[in-house]
Amino acid sequence: MTSIEDEWLWGWDATPGIVSVWAENARAIVWRRTADTGVLVREEERFRPWLLLDRLDDLLHLGAAVGRDGDPDAQVTHRELDGGGALRYLVSARNSQLLINTVLKGATQRLGRHIRHVRELDEDGILMLQPEEQYLVASGRCYFRDLSFDDLHRLQFDLETTGLDPAHDRIFMVSVRGPDGGSQVLEAHGTDDAAEADLIRRLVAVIQSADPDVIENHNLHGFDLPFLDRRARKLRVPLALGRFGPPGLRQRGARRGIALGDGDSRRRVRFMAPGRELIDTLDAVRRYDQTTRELPGHGLKAVAKYLGIARPEREYIRGDLIYHVYRSDPERVRRYATDDVDEVAALARMLGGPSFALAQMAPRRYERLADAGAATGVIDPLLVRAYLRSGTALPAHESSDGTPHSGAALHLFAAGVAHRVVKADVASLYPSLMRAYRIGPERDTLGALLSLVDRWVEQRLVAKAKARIAAPGSPERHSHEAMSAAMKLVVNSAYGYLAAGGDLTRFADVHAANEVTRRGREVLDLMCRELAARGVTLIEADTDGVYFAVPIAWTEADERRAVAEVAALLPPLVQLELEGRYAAMLSHEPKNYALLGYDGTLLLRGVAFRSSRAEPFGEKFLRRAIGRLLIDDVVGVHEVYLTTVSALRHRDISTHDVSSRVRLTKTPEQYLESRERRRELPYEAMFAAGRKSWSVGDRIRVYRNSAGEGALVLEADDDGESAQMDPRNYDIEHYIRLLRDSFAVRLARAFTQEDFAAVFADPDQPSLFQPPISDIHTVLTALPHHRTAGDVHDDPGDPG
DNA sequence: TCATACCGGGG
DNA sequence: GTGTACGGTATGA
C-alpha cells in the first residue's frame, strides 16, 4: 500500500531503531536500539558499494571482469538507468576499493594523467556518496524508525579550560551528564601534563561506560572536540570516544567545521566518533533562529534564558574568569559546569527535534543532517534516492547560463506615523506558488521535487494534527512537533534549492526560481492593488506581506473582511492571512519601523532602531519617545527629549548608559603600530585604564570623557568585589549632539521639517518663531514613487 | 562614503 | 567529498 512517492519520502525498509551507522568497504555496522527494552544491538551488514557514471569507458580495461548486473563472471557490474540524465550508469562492485581503483585506473588511461582520487574527476561525470549514504540509499533504511527522541541514549559533556587556545591552555574540569540524567564533575588533580592526561582518560572511561548513542554540547564541533583532540594528541592519551575501530577521532570535511593545523589550508573539518552521533546544539539553535529570528544571540546562556530552560538560580561566570574563580571558589565552577550540561540536555531536546525527524526521512547520518543546509544537505540526498529507486538517470550539475537571479519585491509606500495598522501576509508563499503553478526544475523529469513538496505539506498537516491530540510534554507530542518542524524546514527550502547559485544543487534552476519570484511579485502587487481599492492606506510591502492603515471607521471585522476579500482573489494554495493588528506604526525606512500593539507593547524593527552598539541612553530615549509619538503625544515626545538633554547636563545618566559596546579587533601590538597615524577610542580607553594586554574579540564598553578621551566602563562582574565604576565624567555636549543627530533623527519622518526642528530644538536657544509644540501633529507622507530597497537614501536634511 | 569581508561560538 | 543563512559590524579603496 506504499506508493513510490512514499518510498521517496521515507525510504522503504522498515528496520526499526537505527541509532548509528558506520560503513567501510562493503561492510555497514548498524547500531539499533529497541524502543521498549532500551537494549542496544550491533549488526554487521554487507552491502554492495556503488556509484554513478556518465560513461562506461573507464571500466572497459577490466575486460571480462566487468559486465552487466547479474553477470556471474563480472567483479564490477553496471546497469543502465532510464531517462536522459547524464549519470546513466549505476556501477557497483564487491568492495569499494575495487570499485574506486577500477574507475581511477580507467580515468588515468583516458585522460593520460595520473588520477589518484575521485575528487580529481570532473564532478559532472561521477556521483559517489559517503559509504554510509551509499548503504542507506541502497537499502532504503533510515535512522530512528519507531523511535522517539527520548529513546536515544544521550550524553552531554562540557570542558572547562584555562583559556581558548589548546596550544597553551589546559582542560582542568569536565562536567558530564549521562543518559540517565545524572551528572558528575571530573577535575584535574594538579596543573601539569600528567594531571590533565589523567582527566582525559577518566572522561574517555566515563563515556565508554555510559555508551551513549549521541554526544551533545553547545559548540561541540567548534570548541570542545577540537580542544580535546588537540590536548589528547599532545599528551598522547588515546581518545577512544567511539564504538568501533582504533582510538582517535575521525575527520570529515565540513564547511562549518574548524580549520585544522596552523597552515592556511582551506580545509575545514568536523570530528566523528564511529558508532556515535556528535551533535552540536549550536547548529540546532542556528537552524531554529533562521526561521524565528528572535534570539538575542546564539550563546548557550542567552538561548537557555530566552527559551526558559535556565534555572532561576543558575550559576554564571564570565568566560575569561572561570579558571580564576576556580582557584578561589571551585565549588562555584562545579555548579556552573553542571548547569551547562543540564542546559545543553534541555536545549537539545527542545530544538533538536527537526534534525531527529529529518533523519527519519533522509538517507544520511543523523549528525550530518543536524548540521546540513536544508537544500544541499537534505533535499539533494532525497532526490538522489528517489531517482535511483525509480531506476532513472540523474542529471549532472549544470552551471547557470548567466541568467541573473531576480528577487522579491520591497515597496515603501508611506513614511511617518500611521494609525490602525494591519499586517496581512501569505504563509509559505514560494512553495505555494511552486505547487500552484507546478514550477519545478526543468531537469527533474520525474517531477520528484514537486511531488516531495506536495507530500511534505500533507505530512506537515498530519503531524500537526497528531501533535494537537498528544499529551503536552509526551514523547508522542515531541515526535509529531519535530516532524512538523522538519516538514516546514524542507518545504521552505524547496525554493532555496531551486535558486541555489553556482551548481550547488543537482537540480538548481534559475529560470524556475525566477518564475517563482516573478509570481511572488505579481501576488504582492495584486494584494497591494486590491487592498488599496478597498480604501486602505498602504505603508510597506515586503516579499509576502503588507502593512497598511485602515480608515478610522473600520472595525476589526471590516479589516478581516477586506483581507478575506483580497485573499479570495489570489491564486489557489496561496493563503493570505491577517497576521497582526496594531494601534500605530512609525514607518522609517524599508524594513525599519516601530509598531505599537493594541495592548501597549512596542516593537522596534530594523537596524535604525536596534543595534548592539547603540548607547543605552539613546535606545531608552528612542523607546520612550516613540511610545509617546505613536499615541500622538508630541508634547510628550518633546518632554522626553528635554528630560534626556537635562539628564545628560546634570549627569543623571550613568556612565554605563552613555557607553557603547565594542569588540577589540586589533592586538595590542597591531594597535601600537597604527596608533601614531590614528588614535582609536576603545584602545586608548584600554591604555588609560592601565590594561595593556587583551585578546582579539574581547568586548568592552567605552565612552568619551569630558576631556574628549576614551574611557572604559568596568562591568559588574569584571571583579567580584568592587561595584560598577560610574564616574559620570562623560562629555556632555558630545552626547547631546549624539542624541539629536543619531537618535532623534529616527523620528524625522513623523514630522514636517519645521515641526521636527521645533520638537528637537536646542532647549538653550529657543526660537521666537517656533509654533507651540501642542499644535504639532505627526504626519504620514505618501512617497510618490514608492521607494524600494535600491533607492533608499538618507533622512531629511539636518534639522537645526 | 560605499563596497566587501568577516563574524556569529567556546574558556 | 562540502556547500551560497543572513544581517550586523569592521575594514579598506
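Lettering of chains follows the sequences in order, A, B, ..., and the numbering in each one begins at 1.
Across all strands shown, Leu300(A) has heavy atoms under 4.0 Å from sugar-phosphate atoms exclusively, and none from any base. Residue-level contact check: Asp158(A) touches the backbone only, with heavy atoms under 4.0 Å from sugar-phosphate atoms and none from bases. At the heavy-atom level, Asp280(A) lies nowhere under 4.0 Å from the strands shown. Residue Leu129(A) is out of contact with every strand shown, counting any heavy-atom pair closer than 4.0 Å. Residue Leu164(A) is classed as a base contact, given a heavy-atom separation below 4.0 Å to a base.
Listed candidates were dG1(C), dG11(B), dG9(B). Nearest to the side chain of Thr161(A) is dG11(B). Among the nucleotides dA5(C), dG11(B), dG10(B), the one closest to any side-chain atom of Asp320(A) is dG11(B).
No hydrogens or angles considered: a donor-acceptor pair under 3.5 Å links the side chains of Ser659(A) and Arg701(A).
Within the structure, a side-chain polar atom (N or O) of Arg368(A) is placed less than 4.0 Å from OP1 or OP2 of dG3(C). Proximity of His117(A) to the phosphate of dG1(C): a side-chain N or O atom is located under 4.0 Å from OP1 or OP2.
The separation between His221(A) atom NE2 and dT2(C) atom P is 14 Å, rounded to whole Å. Between the CZ atom of Phe507(A) and the C1' atom of dT4(C) there is a distance of 19 Å, given to the nearest Å. Look at CD on Glu133(A): it is 7 Å from P on dT2(C), rounded to the nearest Å. Between the C1' atom of dG10(B) and the CD atom of Glu343(A) lies a distance of 15 Å, rounded to the nearest Å. Summarising the geometry, the separation between CD on Glu24(A) and P on dG1(C) is reported as 13 Å, rounded to the nearest angstrom. Counting to the nearest Å, the P atom of dG11(B) and the CD1 atom of Ile317(A) are 10 Å from each other.
A cation-pi geometry, defined here as NZ or CZ lying under 6.0 Å from the six-membered ring centre and within 45° of its normal, does not hold between Arg364(A) and Tyr366(A). For the pair Arg314(A) and Tyr316(A), the cation-pi criterion (under 6.0 Å, within 45° of the ring axis) is fulfilled.
Shown here are the side-chain hydrogen bond (donor to acceptor under 3.5 Å, both in side chains) partners of Arg286(A), two or more places apart in sequence or in another chain: there are none.
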